[in-house]
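Take a look at the structure set out below.
Atoms within a ligand are numbered from 1 in the order they appear, just like the ligands themselves.
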Amino acid sequence: MAILDIQDLQKIYNTGSEELKILDNLSLQIEEGRSAVITGESGSGKSTLLNLIGGLDRINGGKLYSCGFPIHDLSEKQLTDYRRKSIGLVFQSHYLLKDFTALENVAIPARIAGTDKKTAIERAGELINKVGLGDRREHYPSQMSGGERQRIALARSLVNDPDLILADEPTGNLDEKNSRIVEDILFSLVEDYKKSLLLVTHNLILTERVDLSFHLTCGVLKEK
Ligand SMILES: Nc1ncnc2c1ncn2[C@@H]1O[C@H](COP(=O)(O)OP(=O)(O)OP(=O)(O)O)[C@@H](O)[C@H]1O
Ligand SMILES: [Mg+2]
């Protein structure tokens with residue numbers, strides 16, 4: 001099965017009188033369990049594409065199937081459900097809630113998705129161990145380094161057992177050393193939990209660690 005099947009996708013932004021065509025007849029297929037990297041210049045539309053796949057924004061034309069759902073046809077309610085259960089999102093910023101511990105931060109999306117408290121905490125604890133921060137579970141984001149916070153964000157992205165992880169420059173705010181640590185953890189999580197991955201990065205070395213790599217230019221994806 002294809003985890004992602006995108007056909008002739010169009011994304012246009014209207015800014016006053018001007019129409020900005022950001023993605024133009026873009027097609028992409030990724031089989032379940034595969035990992036893929038997208039590179040491309042700043043402003044080429046990488047985040048726009050990930051946001052569309054993640055159901056955070058709407059396409060203007062074409063078809064977008066993700067995790068078995070026709071994303072272009074879903075209602076807002078169905079889209080919210082898809083975002084919660086099928087997709088794990090990781091961004092350049094960790095977006096952890098400052099008044100909650102690491103454990104609570106990871107458990108919250110599970111609680112929102114309707115998981116009972118005990119199960120949510122258990123699963124969050126397991127994932128925090130997986131990212132190597134078991135001893136930091138009661139710490140608040142302000143007590144952790146940037147790299148550690150991003151590892152907690154990785155744990156959080158998996159708490160609802162999604163099929164597809166979408167990661168938009170997850171190491172963009174980190175130094176070299178911490179970038180390597182976070183990348184290694186991301187790849188081992190994807191492998192251990194058998195997830196599909198779509199990763200936007202500027203780190204060209206990562207293209208060697210994935211099944212597929214694409215370059216986004218002039219609104220179109222080209223396989224490398
Ligand atoms: N809401 C919006 N309204 C109008 N234009 C937008 C909007 N969001 C993004 N854009 C434009 O779409 C283009 C693609 O932006 P996007 O953020 O997807 O690029 P990117 O490839 O992720 O860049 P970067 O590598 O800097 O993160 C840019 O020209 C941007 O200005
Ligand atoms: Mg971006």
Side-chain angles (χ1 to χ4, degrees), residues 3-30 35-66 71-72 74 76 79-80 82-83 87-96 146-147 149-154 156-157 162 164-176 178-180 182-183 185-187 190 195-210 212-224:
I3 194 81
L4 258 186
D5 184 6
I6 301 176
Q7 297 158 18
D8 302 324
L9 182 152
Q10 275 208 341
K11 181 62 191 174
I12 296 161
Y13 284 120
N14 287 305
T15 54
S17 56
E18 225 192 334
E19 266 200 353
L20 287 175
K21 204 179 263 183
I22 307 296
L23 301 172
D24 194 17
N25 289 323
L26 180 147
S27 295
L28 170 68
Q29 280 80 36
I30 300 176
S35 53
V37 152
I38 296 179
T39 55
E41 278 176 19
S42 179
S44 58
K46 306 180 297 298
S47 297
T48 301
L49 178 61
L50 253 60
N51 288 344
L52 292 168
I53 297 169
L56 300 165
D57 198 0
R58 292 284 192 168
I59 66 174
N60 298 102
K63 304 242 187 267
L64 199 179
Y65 298 91
S66 174
I71 305 308
H72 50 279
L74 297 187
E76 284 303 322
L79 213 51
T80 303
Y82 158 78
R83 269 198 307 268
I87 295 291
L89 286 167
V90 192
F91 301 96
Q92 190 166 343
S93 299
H94 53 78
Y95 295 117
L96 297 178
R149 288 195 279 256
Q150 206 57 338
R151 285 154 67 182
I152 297 296
L154 288 181
R156 181 187 52 191
S157 74
L164 174 64
I165 308 293
L166 299 173
D168 192 352
E169 296 191 50
T171 60
N173 287 342
L174 303 178
D175 61 25
E176 281 282 315
N178 279 291
S179 293
R180 297 300 89 79
V182 166
E183 286 158 6
I185 291 173
L186 173 61
F187 281 111
V190 165
K195 302 300 179 192
S196 309
L197 170 71
L198 185 56
L199 168 67
V200 167
T201 182
H202 287 288
N203 183 3
L204 294 175
I205 295 167
L206 293 183
T207 60
E208 290 162 21
R209 288 177 73 169
V210 293
L212 296 158
S213 95
F214 300 92
H215 191 74
L216 183 56
T217 177
C218 302
V220 180
L221 272 180
K222 296 208 173 92
E223 193 168 349
K224 288 202 291 192

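- Atoms of ligand 1 lying under 4.0 Å from at least one heavy atom of E41, given by number and element, are 21 (O).
- Which parts of ligand 1 touch H202 is read off a 4.0 Å heavy-atom cut-off, strictly below it: atoms 25 (O).
- One finds no salt bridge joining R83 and E76 here, because no Lys/Arg side-chain nitrogen approaches an Asp/Glu carboxylate oxygen to under 4.0 Å.
- Side-chain atoms of N173 come within 3.5 Å of backbone N or O of Q92 as a donor-acceptor pair.
- With a 6.0 Å radius and a threshold of 12 heavy atoms from other residues, nucleotides or ligands, E176 has its CD atom at or below the threshold.
- Considering only heavy atoms from C-beta on, L198 comes within 4.5 Å of I38 through its side chain.
- Within the 4.0 Å heavy-atom shell around ligand 1 one does not find Q92.
- The protein non-hydrogen atom at the shortest distance from atom 12 (O) of ligand 1 is I22 CD1, 3.2 Å.
- On a distance-only criterion, S47 and ligand 1 share at least one N/O pair closer than 3.5 Å.
- Remark: minimum distance from atom 15 (O) of ligand 1 to any protein heavy atom is reached at T48 OG1, 3.7 Å.
- The closest heavy-atom contact to atom 28 (C) of ligand 1, among the options G43, G219, G40, G172, comes from G43.
- The shortest contact between atom 26 (O) of ligand 1 and any protein heavy atom is with S42 OG, 2.6 Å.
- For the pair P162/L89, no side-chain contact is recorded, criterion being any heavy-atom separation below 4.5 Å from C-beta on.
- By the neighbour-count criterion of 12 heavy atoms within 6.0 Å, atom CD of E41 is sparsely surrounded, having that number or fewer from other residues, nucleotides or ligands.
- Protein heavy atoms are absent from the 4.0 Å sphere centred on atom 31 (O) of ligand 1.
- Considering only non-hydrogen protein atoms, atom 1 (N) of ligand 1 sits nearest to Y13 CE2, 3.6 Å.
- Ranking the protein heavy atoms by distance from atom 27 (O) of ligand 1 puts E169 OE2, 3.5 Å first.
- S47 lies close to the Mg ion (ligand 2), since one of its N, O or S atoms is found at a distance under 2.8 Å.
- Within the 3.5 Å criterion, the main-chain N or O of G40 finds a donor-acceptor partner in the side chain of K46.
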**Asked** Can you check side chain to side chain contact (heavy atoms under 4.5 Å, CB included) on I3 and K195, steps first, answer last?
**Response** CA-CA 10 Å; I3 194 81; K195 302 300 179 192; over 6 Å; no
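- At a heavy-atom cutoff of 4.0 Å, ligand 1 is contacted by the side chain of T15 but not by its backbone.
- Distance check: H72 NE2 to Y65 OH gives 4.0 Å after rounding to the nearest 0.5 Å.
- Ranking protein heavy atoms by distance to atom 25 (O) of ligand 1, first place goes to K46 NZ, 2.7 Å.
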